[in-house]
Number of protein chains: 2
Amino acid sequence: MEQIGYAPPPPNLDAVFAALADPTRRAILSRLAQGDASVGELALPFKMSQPAVSKHLKVLEKAGLVQRGIDKQRRPARLNAEPMAAAIDWLETFRDFWSSSFDQLDDLLESLKKQTPEGDPP
Amino acid sequence: MEQIGYAPPPPNLDAVFAALADPTRRAILSRLAQGDASVGELALPFKMSQPAVSKHLKVLEKAGLVQRGIDKQRRPARLNAEPMAAAIDWLETFRDFWSSSFDQLDDLLESLKKQTPEGDPP
DNA sequence: TTGTTCCATAACCAGAAGGTAATATAAATA
DNA sequence: TATTTATATTACCTTCTGGTTATGGAACAA
């Protein structure tokens with residue numbers, strides 16, 4: 001028995017969000033939250049070919065969301081949620097903006113009477 | 001002055017995560033966190049054509065992350081972070097899995113000695 | 001050894017994504 | 001009215017994505 005692919009790369013938000021953008025992959029992650037699963041086990045409930053699932057797993061793996069093991073002929077997948085924390089970290093920087101969504105429309109109407117204001121981007 | 005596109009659609013995680021998967025779009029969102037901006041203002045710092053930015057804005061709009069206004073010839077974009085909350089909600093369901101990332105490798109090694117366990121998917 | 005199970009890989013395809021340049025449109029300005 | 005400004009739209013191109021079938025290889029089982 002072995003383990004491959006040590007030292008998962010630092011979370012790449014591009015890859016992480018892209019991986020999460022597919023419903024099949026999110027379902028796979030949810031499934032893996034209940035325990036490791038082989039490719040075959042994952043392929044069953046989704047009416048999809050086995051190679052398709054292998055592809056999805058590879059996308060999840062490159063995003064660091066899944067690690068693979070080796071167990072006889074199987075290559076069990078295990079959830080690695082750390083990149084999700086990175087995604088949340090990024091999203092949290094916007095937290096201020098969804099607490100005050102009340103009079104947001106009023107704000108918009110108001111702000112547009114003046115000219116558009118400040119700001120220099122990345 | 002007017003406002004268009006009322007009643008933003010309920011957050012679609014597919015669209016939200018896909019929108020977030022592009023670094024230009026994340027940069028646009030960060031920029032908008034500092035204040036509304038017109039298309040031209042957004043296009044400047046990114047060395048990209050104006051139509052490209054318009055496309056990105058449309059993706060963000062469909063994901064509900066941005067609302068557009070009308071101010072004379074301008075169509076200022078405003079951040080709407082609510083869909084981010086939905087994204088976080090989904091991600092938070094995995095929170096258990098990134099607190100215990102210590103001996104995760106050991107866990108993996110251990111679990112693979114037995115057969116793969118339980119679980120029935122979506 | 002032979003077959004079977006589990007998975008990966010290759011080749012292929014249609015459609016979506018991300019970019020461009022060129023053009024059209026709408027509102028402000030001269 | 002003519003021009004300029006701000007944005008959208010169109011047409012086009014290339015690359016990526018998500019799926020397929022077919023095939024190959026490794027490990028177990030008979």
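Keep in mind that this is a model prediction, so the values were computed, not measured. Throughout, a chain's letter reflects where its sequence line sits, starting with A, and its residues are numbered from 1.
- Nearest approach of B/R25 to B/A18, heavy atoms of both residues: NH2-O, 3.2 Å.
- Rounded to an integer number of Å, the gap from CZ of B/R74 to C1' of C/dA27 is 12 Å.
- Between B/S30 and B/R26, the closest side-chain pair of non-hydrogen atoms is not below 4.5 Å.
- Side-chain contact between A/F17 and B/P23: absent, with no pair of heavy atoms (C-beta onward) separated by less than 4.5 Å.
- Rounded to an integer number of Å, the gap from CZ of A/R68 to C1' of C/dC7 is 8 Å.
- Summarising the geometry, the separation between CG on B/L57 and P on D/dT7 is reported as 10 Å, rounded to the nearest angstrom.
- The distance from atom CZ of B/R25 to atom C1' of C/dG18 is 8 Å, rounded to the nearest whole Å.
- In terms of heavy atoms, B/L91 sits closest to A/A87 at CD1-CB, 4.0 Å.
- To the nearest angstrom, C1' of C/dG19 lies 11 Å from CG of B/D22.
- Atom pair B/F46:CZ and C/dG18:P shows a separation of 14 Å (rounding to whole Å applied).
- Checked for salt-bridge contact, A/R95 and A/E92 meet the test: a charged N lies under 4.0 Å from a carboxylate O.
- Across residues 48-55 of chain B, B/Q50, B/P51, B/S54 each have a non-hydrogen atom less than 4.0 Å from an atom of DNA chain D (numbered order).
- In the hydrophobic clustering of this structure, A/M48 does not group with A/V59; members are Ile, Leu, Val, Met, Phe, Trp, Tyr whose side-chain heavy atoms approach within less than 4.5 Å, directly or through other members.
- The phosphate of C/dT9 has OP1 or OP2 within less than 4.0 Å of a side-chain N or O from A/K58.
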Using Watson-Crick and G-U wobble pairs whose two distances are both under 3.5 Å, how do you write the pairing of DNA chain D as dot-bracket, with | for links to another strand? ||||||||||||||||||||||||||||||
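- A donor-acceptor contact under 3.5 Å links the side chain of A/Q73 to the base of C/dT5.
- Of the side-chain N and O atoms in B/H56, one or more sit less than 4.0 angstrom from OP1 or OP2 of C/dG19.
- At the phosphate of D/dT7, OP1 or OP2 sits under 4.0 Å from a side-chain N or O atom of B/S38.
- Going from atom CG of B/D36 over to atom P of D/dT7 covers 13 Å, rounded to whole Å.
- Screening A/V39, A/D36, A/L60 against A/R68 for a side-chain contact (heavy atoms from CB on, under 4.5 Å) leaves a single residue, A/V39.
- Closest of all the heavy-atom pairs between B/A63 and B/A19 is CB-CB, 3.8 Å.
- A/L65 pairs with exactly one of A/L32, A/L57, A/L29 by the side-chain contact (heavy atoms from CB on, under 4.5 Å) rule, that one being A/L29.
- Distance, B/E41 CD to D/dT7 C1': 13 Å, rounded to whole Å.
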